[in-house]
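Down below is the structure, laid out as structure tokens.
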Amino acid sequence: MIYKKRTHTCGELRLADENKNITLNGWVSKKRDLGGLLFIDLRDRYGITQLNIHPSKKDVYDKAEKLGNEFVISVTGKVIKRESINKNIATGDIEIDVDVLEVLNESLVPPFVIEEDVKASDELRLKYRYLDLRRKSVTDNLIVRSRVYNIIHRYFEKHNFLEIETPILMKSTPEGARDYLVPSRVHKGKFYALPQSPQIYKQILMLSGIDRYVQICKCFRDEDLRADRQPEHTQIDLEMSFVTQDDVFEIIEGMFHAIWKEIKNIDLTIPFKRMTYDEALQTYGIDKPDLRIKGDVKIENITEVVKGSEFKVFNDVIESGGMVAGIKLSGQEVSRKTIDGLTEFIKKLGFGGFGYLKYNADGTVQSPMTKFLSEEIIANIKKAFNANDSDTVFILSGEKKKVLLALGQLRLKLAEDFKLRDETKFEFVWITDFPLFHYDEEAKKFESEHNIFTSPKDEYLKFMDSRDVKEVESIRANCYDIVLNGFELASGSIRINKPEVQKKVFDMIGMSDDEAKMKFGFMLDAYTYGAPPHGGAGIGLDRIIAILCGLKSITDTIAFPKTLKASSLMDECPSEVSKEQLDELGIEISKKE
RNA sequence: GGAGUCGUAGUUCAGUUGGUUAGAACGCCUGACUGUCACUCAGGAGGUCGCGAGUUCGAGUCUCGUCGAUUCCGCCA
């Protein structure tokens with residue numbers, strides 16, 4: 001096909017280009033026919049330029065009148081200054097006085113109008129994703145994503161990392177999430193798994209002396225989805241040898257600094273804040289605290305303060321080893337209606353309700369608990385929270401962890417309802433020292449909190465042979481997360497590199513030698529040939545892009561996302577396959593009852 | 001696996017207590033219009049009310065099932 005190729009893009013021309021003879025290629029975005037005078041907005045991914053079709057050029061005008069939206073055209077003409085300028089678009093000072101118009105392709109009427117303020121449902125947008133991607137707001141996300149890839153590649157290259165691809169077809173391991181399986185034709189009845197992450201490969205690369213590895217890779221998990229969970233997501237995967245936790249932190253902090261500098265022109269403060277898991281839980285009631293929340297909205301343990309009160313609810317809880325704790329809301333008007341709403345919220349979390357103390361501006365105290373609590377205790381609670389008049393304190397009592405988690409949720413709810421988040425901030429924080437194991441009451445056994453290669457901190461090695469729940473659950477790991485604005489962005493650990501420690505972990509979670517050998521034999525073998533100390537992390541790229549683009553969901557950071565039922569509405573996958581294909585694989589589909 | 005919400009014109013939605021011919025806006029088509037940029041104005045076409053049963057004299061509306069989208073819990077790093 002021969003046509004006039006563009007000399008400029010649709011976002012490029014300015015008043016300085018006046019009188020230039022140029023050619024543009026693009027899509028008809030909008031036609032405004034004033035009868036005799038015809039304007040066309042021509043769109044490409046760079047922007048929009050207005051075309052002016054003058055009736056004196058009859059053949060051009062006749063052609064232009066027949067154009068529909070989304071027709072692909074090539075126009076040649078002169079850049080002229082507009083009579084009435086449009087301040088809303090970058091090219092708004094000029095327009096093109098069109099001399100030649102070629103239709104490169106026609107278009108059906110699109111199922112929805114392609115405009116920034118799109119009215120179509122998500123379902124329709126996904127079905128016609130190619131049309132949705134013509135919208136600037138979606139394209140812009142992909143542009144940010146592309147730039148971030150580029151920054152990452154450059155950053156790790158500069159720091160001497162090797163970018164190494166690991167297999168997409170790998171061995172299925174039943175630990176962690178459910179695997180996506182791929183049947184083998186050559187080995188009928190056997191299956192590959194798609195990687196949940198390249199964890200095992202990257203650790204093996206460390207044994208190979210690769211020393212610094214990075215990869216931007218796809219990870220697959222066949223689990224039920226949520227708004228911000230896709231069946232395949234992208235991870236910045238890295239691993240380093242001869243390092244401590246601090247070395248890993250430094251590299252990752254540098255990466256975030258580089259990304260924020262280049263994309264947002266923001267100088268992030270590094271090193272990031274650090275907080276242990278226990279501190280996060282006790283202060284914020286969650287392992288991914290949102291530190292953008294203004295005011296002193298923290299959890300205070302007031303078990304000791306209310307000891308010896310007349311209040312039976314508190315006394316029962318304290319007697320059974322529980323806790324009384326609360327959070328403070330500063331300087332907000334708390335109405336009866338607010339209390340009712342919050343009570344409803346707390347009930348959903350499995351509590352009967354909560355107590356509250358409203359310290360009024362006039363010095364009086366409003367609370368359903370005044371008749372049970374002495375003036376002294378009420379004053380001491382105020383002191384414990386460092387509360388002022390016009391502050392409100394919400395109090396929960398019960399089993400310790402349950403109270404903390406509920407107050408954590410209440411904190412987020414208050415932040416939402418009273419708009420306490422400073423949306424301009426990027427609050428990074430490392431959460432460290434996670435527990436290594438937890439006891440599963442149902443299965444009656446210990447389970448790994450993180451992946452099974454995470455190393456225990458040296459000072460807890462003494463508990464690795466214990467089976468006392470308290471002792472085992474007290475073991476802390478060389479394990480860390482990066483949390484940004486309440487979202488977990490990255491997770492990693494210093495790995496176990498001594499076979500005898502690894503064996504203790506397997507023992508703890510009840511995995512026999514035979515079982516371990518079957519599942520990870522090759523890996524355990526590898527670790528007997530001189531494994532260097534090493535550690536790393538996996539960083540969620542989709543979520544980083546979502547935050548950089550101000551999106552709530554990761555869907556629009558991905559060119560072709562899937563729905564919550566893991567299907568793609570555009571190409572209609574997954575789909576059935578032919579009997580021949582199944583026969584080749586030796587697979588039969590069992591009939592549903 | 002469980003719970004909730006939604007599904008009506010090409011699109012986004014309205015549709016009263018179950019009652020005559022299912023409406024609006026945008027889009028689309030036709031016509032008019034020389035400075036629009038959400039152009040304006042006049043006219044027109046366009047419906048398997050997701051699908052399948054049931055209740056009823058009568059179902060877009062009520063019930064059950066099913067499919068799809070979506071939100072949450074379980075699950076998942």
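Reckoned from all heavy atoms, side chains included, excluding hydrogens, waters and symmetry mates. Throughout, a chain's letter reflects where its sequence line sits, starting with A, and its residues are numbered from 1.
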Sugar-phosphate, base or nothing in reach of [X], heavy atoms under 4.0 Å:
X: A:Q196; result: sugar-phosphate
X: A:Q230; result: nothing
X: A:E83; result: base
X: A:D222; result: nothing
X: A:S84; result: base
X: A:R82; result: base

Measure [atom1]/[X] against [atom2]/[N] and give the value in whole Å, please.
X: A:I89; N: B:C37; atom1: CD1; atom2: P; value: 13 Å
X: A:F112; N: B:C26; atom1: CZ; atom2: P; value: 20 Å
X: A:L37; N: B:A32; atom1: CG; atom2: C1'; value: 15 Å
X: A:N69; N: B:G27; atom1: CG; atom2: P; value: 10 Å
X: A:E123; N: B:U71; atom1: CD; atom2: P; value: 12 Å
X: A:R43; N: B:A38; atom1: CZ; atom2: P; value: 15 Å
X: A:F39; N: B:U40; atom1: CZ; atom2: C1'; value: 14 Å
X: A:R125; N: B:G10; atom1: CZ; atom2: C1'; value: 18 Å

Go ahead and name the base partner of [N]; Watson-Crick or wobble counts if both distances stay under 3.5 Å, otherwise write none.
N: B:C75; answer: none
N: B:G44; answer: B:C28
N: B:C62; answer: B:G54

Partner of A:D41 under side-chain hydrogen bond (donor to acceptor under 3.5 Å, both in side chains), chosen from A:R32, A:K30, A:K31: A:R32
Side chain of A:L564 - closest among B:A69, B:U11, B:U70: B:U70
Check: A:N86 side chain, B:C37 base, donor-acceptor under 3.5 Å: yes
Base B:C75 paired with A:R221 side chain (donor-acceptor, <3.5 Å): no
Residue-phosphate contact under 4.0 Å: A:K30 side-chain N/O, B:U36 OP1/OP2: no
Pi-cation contact, A:F351 with A:K402 (under 6.0 Å, within 45°): yes
